[in-house]
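Everything on this sheet refers to the single structure shown next.
Note that these values count all heavy atoms, side chains included, but never hydrogens, waters or copies made by symmetry. Since the structure is predicted, the reported quantities are computational estimates derived from the model, not experimental observations.
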Amino acid sequence: MNHKKIRPPIFYVAVQMPNTGRGKNRLWYYKASKDVRRMFAIERQLNPLSWKQSFIESLMVVPKKRYHYPFQIQDDVIMAGLSKVVGITEQRPKYLIATTKAQFVLPEIWTAEDESTNHLKYVQHDYNTATKAKITNDWHYWRLSDNRHFALNCYQTINTVY
């Protein structure tokens, strides 16, 4: 029996960078990683009308530098940051930075009043010390009252519309 592999469509994610470090508050486009593309494809099948809204305002780990396995990078080099998802499309953007990482946190989790260190540890993954510090700074930036409440209001508005 011959099974043909089904490839998920290619999605591109528009993210807003935090107000910390290079490229602050800028919008950048990243190609979604294979894991994220599979998840998007499944979510689109389950919820065809409003699947994108489930991920808007999520926090996603995006690379700051291009790197390849095996890691041969010093411990003080920042490799990734934590940005906010503001759009998802299948149209290839004119400028593409790199491919996203698979770690992300949905808006209903990171905007919650009680802060869990488990979610921060999840997005820090197995990165080096400098990258973990950058992600921690970005996490605290997004958790500021104004940023958190704006995202929570957007998420609640999207949920009531659909």
Student check: side-chain heavy atoms of Leu59 and Trp139 closer than 4.5 Å: yes

If we only count heavy atoms from C-beta on, is the Val15 to Val86 side-chain gap below 4.5 Å? no

Which value, rounded to the nearest 0.5 Å, describes the distance between Ile88 atom CD1 and Gln53 atom CD? 8.5 Å

Here's a test for you: under side-chain contact (heavy atoms from CB on, under 4.5 Å), which of Lys84, Gln16, Glu108 qualifies with Glu57? Lys84

side-chain hydrogen bond (donor to acceptor under 3.5 Å, both in side chains) involving Arg143 - partner list, sequence neighbours excluded: none

Who passes side-chain hydrogen bond (donor to acceptor under 3.5 Å, both in side chains) against Gln124, sequence neighbours left out? Thr136

Quick check against the 3.5 Å criterion: does Tyr12 have a side-chain atom that pairs as donor or acceptor with the backbone of Gly87? no

Is there a donor-acceptor pair closer than 3.5 Å between any side-chain N or O of Trp142 and the backbone N or O of Leu82? yes

Tell me if the OH atom of Tyr141 is crowded by more than 12 foreign heavy atoms within 6.0 Å. yes

Do Lys31 and Ile10 have side chains that get closer than 4.5 Å, going by heavy atoms? yes

d(Tyr122 OH, Gln103 CD) to nearest 0.5 Å is 5.5 Å

Thr100 meets the side-chain hydrogen bond (donor to acceptor under 3.5 Å, both in side chains) criterion, sequence neighbours left out, with none

Using residues 34-43 as the side-chain source, report each donor-acceptor pair under 3.5 Å to any protein atom, sequence neighbours left out, with the distance given to one decimal.
| residue | atom | partner | partner atom | Å |
| --- | --- | --- | --- | --- |
| Asp35 | OD1 | Arg38 | NH1 | 3.0 |
| Arg37 | NE | Pro9 | O | 3.4 |

Please, which pairs that meet side chain to side chain donor-acceptor pair (under 3.5 Å) have at least one residue in residues 89-98, sequence neighbours excluded? Arg44-Glu90

Can you see which heavy atom on Ala14 is nearest to which on Tyr29, and at what distance? CB-CE2, 3.5 Å

I want to check something: taking the side chain as every heavy atom from C-beta on, are Asp138 and His140 in contact at a cut-off of under 4.5 Å? no

Please verify the inter-ring angle class for Phe55 with Trp51; under 30° counts as parallel, over 60° as perpendicular, anything in between as tilted. perpendicular

Between OG of Ser83 and CZ of Phe104, what distance do you get to the nearest 0.5 Å? 12.5 Å

Identify the two heavy atoms, one from Ser54 and one from Pro107, that lie closest to each other, and give their separation to 0.1 Å. O-CD, 4.0 Å

All ring-ring contact (aromatic ring centres under 6.0 Å, His included) counterparts of His125, not counting sequence neighbours: Tyr127

